[in-house]
Amino acid sequence: EKIDLKGSPKILISASEYRLHKRLQEAIKLINYMSIEYPDIKLHILGKPDKLTNRAIKRIDLSRCIFHGKLDPKELPSFYSSCDLQLSLSIFDPCPNVVCEGLASGLPVVTPYQSGAYELIGNENKIWAFDEGFNLEYKILHLEEYIPKIPLKEYKNIVIKILKDLKIQKLNARLRAENELDINKIIKKYTSFIIDN
């Protein structure tokens, strides 16, 4: 059941706990950057920032952010389905469950190619992704200055493209979840793979 969340558009970001490499700080900067075109834009933040992330975001304008904290899992579908799209800017996150939840709720997920989320959205939805061009090699992930910054203009263009065709993009997200992420279909694929090999 949908809930009445503030914002137009309503952007969601979700994690149980935000560490610097999940790049909440970059998501907030993107929302602020987009506020010129979308003065009522809001970032709905599900989950709790850790100490280092809290310190990083305190220096940023948070007026377009709504912090919902940690939610009961039963509440998640209402929040997801009440938003327009999801950001997953995290690096070094091999299979983010929050992306599966977003897709299942019909949310297009904006992500870098260099993330576990890219595999989940699939090549058919690559217009939601941006190639930031960094290598997935050892990085210092506990110091803000070592976390790659996102190219704001490029990500803004992706979000605008999705919003212009939102109904179709939401349908594509749901189809991706149904066709490729349904646990029952995955079980059949694994079973077939094991039996045939």
Measuring from Tyr80:OH to Ile3:CD1, what's the distance to the nearest 0.5 Å?
12.5 Å
Closest approach of Ile158 and Ala129, non-hydrogen atoms and distance?
CD1-O, 3.5 Å
Closest non-hydrogen atom pair between Leu71 and Leu46, with its separation:
CD1-CD2, 3.6 Å
Report, as yes or no, whether the 6.0 Å neighbourhood of atom NZ on Lys6 holds more than 12 heavy atoms from other residues, nucleotides or ligands.
no
What do you reckon, is CD of Glu119 surrounded by more than 12 foreign heavy atoms closer than 6.0 Å?
no
Between Asp84 and Lys10, is there a donor-acceptor pair closer than 3.5 Å when you use the side chain of the first and the backbone of the second?
yes
Expected output: side-chain Glu132 to main-chain Gln114 donor-acceptor under 3.5 Å:
no
Report yes if the side chains of Trp128 and Asn172 come closer than 4.5 Å at any heavy-atom pair, otherwise no.
yes
So if you build clusters from Ile, Leu, Val, Met, Phe, Trp, Tyr with side-chain heavy-atom gaps below 4.5 Å, do Ile60 and Ile45 land together?
yes
Common cluster, Val159/Ile66, ILVMFWY with side-chain heavy-atom separation under 4.5 Å:
no
Output every pair passing ring pair (Phe, Tyr, Trp, His ring centres under 6.0 Å) with a member in residues 33-71, not counting sequence neighbours, ordered by first then second residue.
His44-His68, His68-Phe79
Please tabulate, one pair per line, all N/O donor-acceptor pairs under 3.5 Å involving side-chain atoms of residues 85-92, not counting sequence neighbours.
{"from": "Gln86", "atom 1": "NE2", "to": "Val98", "atom 2": "O", "distance (Å)": "3.2"}
{"from": "Ser90", "atom 1": "OG", "to": "Asp93", "atom 2": "OD2", "distance (Å)": "3.4"}

Common cluster, Val110/Leu171, ILVMFWY with side-chain heavy-atom separation under 4.5 Å:
no
Minimal heavy-atom distance between Asp50 and Arg19, with the atoms involved, is OD2-CG, 3.2 Å
Determine, stepwise, if the pair Thr111 / Ile121 fulfils side-chain contact (heavy atoms from CB on, under 4.5 Å).
CA-CA 9 Å; Thr111 187; Ile121 68 169; 3.9 Å; yes
CD1 (Ile11) and CG (Leu5) are apart, to the nearest 0.5 Å, by 12.0 Å
Decide whether Leu103 and Ile186 are clustered together by the hydrophobic rule: side chain heavy atoms of Ile, Leu, Val, Met, Phe, Trp, Tyr closer than 4.5 Å, transitively.
no
Rounded to the nearest 0.5 Å, how far does CG of Leu52 lie from CD of Gln25?
10.0 Å
Side-chain heavy atoms nearer than 4.5 Å, only ILVMFWY residues, links allowed to pass through others: does that put Leu152 and Phe130 together?
yes
Distance, nearest 0.5 Å, that separates CD of Glu154 from CG of Leu30:
11.0 Å
Closest non-hydrogen atom pair, Glu144 against Leu20
N-CD1, 3.6 Å
Candidate pair Ile195 and Tyr190, rule side-chain contact (heavy atoms from CB on, under 4.5 Å), full reasoning
CA-CA 9 Å; Ile195 290 169; Tyr190 272 109; over 6 Å; no
Side chains of Arg23 and Ser115 in contact at under 4.5 Å (non-hydrogen atoms):
no
Could you state the interatomic distance from CZ (Arg64) to CG (Asp40), rounded to the nearest 0.5 Å?
10.0 Å
Within 6.0 Å of CG in Asp72, more than 12 heavy atoms from elsewhere
yes
Can you measure from CG (Leu107) to OG (Ser14) and round to the nearest 0.5 angstrom?
10.0 Å
Apply the test side-chain contact (heavy atoms from CB on, under 4.5 Å) to residues Gln169 and Ile127: give CA-CA distance (whole Å), side-chain angles for both, the deciding distance (0.1 Å), then the verdict.
CA-CA 10 Å; Gln169 298 307 322; Ile127 66 156; 3.9 Å; yes
Can you see which heavy atom on Ser82 is nearest to which on Lys2, and at what distance?
OG-CA, 3.3 Å
Looking only at atom types and distance, does a side-chain atom of Asn32 sit under 3.5 Å from a main-chain N or O of Asp61, one as donor and one as acceptor?
yes
Between Asp182 and Asn184, what is the shortest heavy-atom contact and its length?
OD1-N, 2.7 Å
Glu75 meets the side-chain hydrogen bond (donor to acceptor under 3.5 Å, both in side chains) criterion, sequence neighbours left out, with none
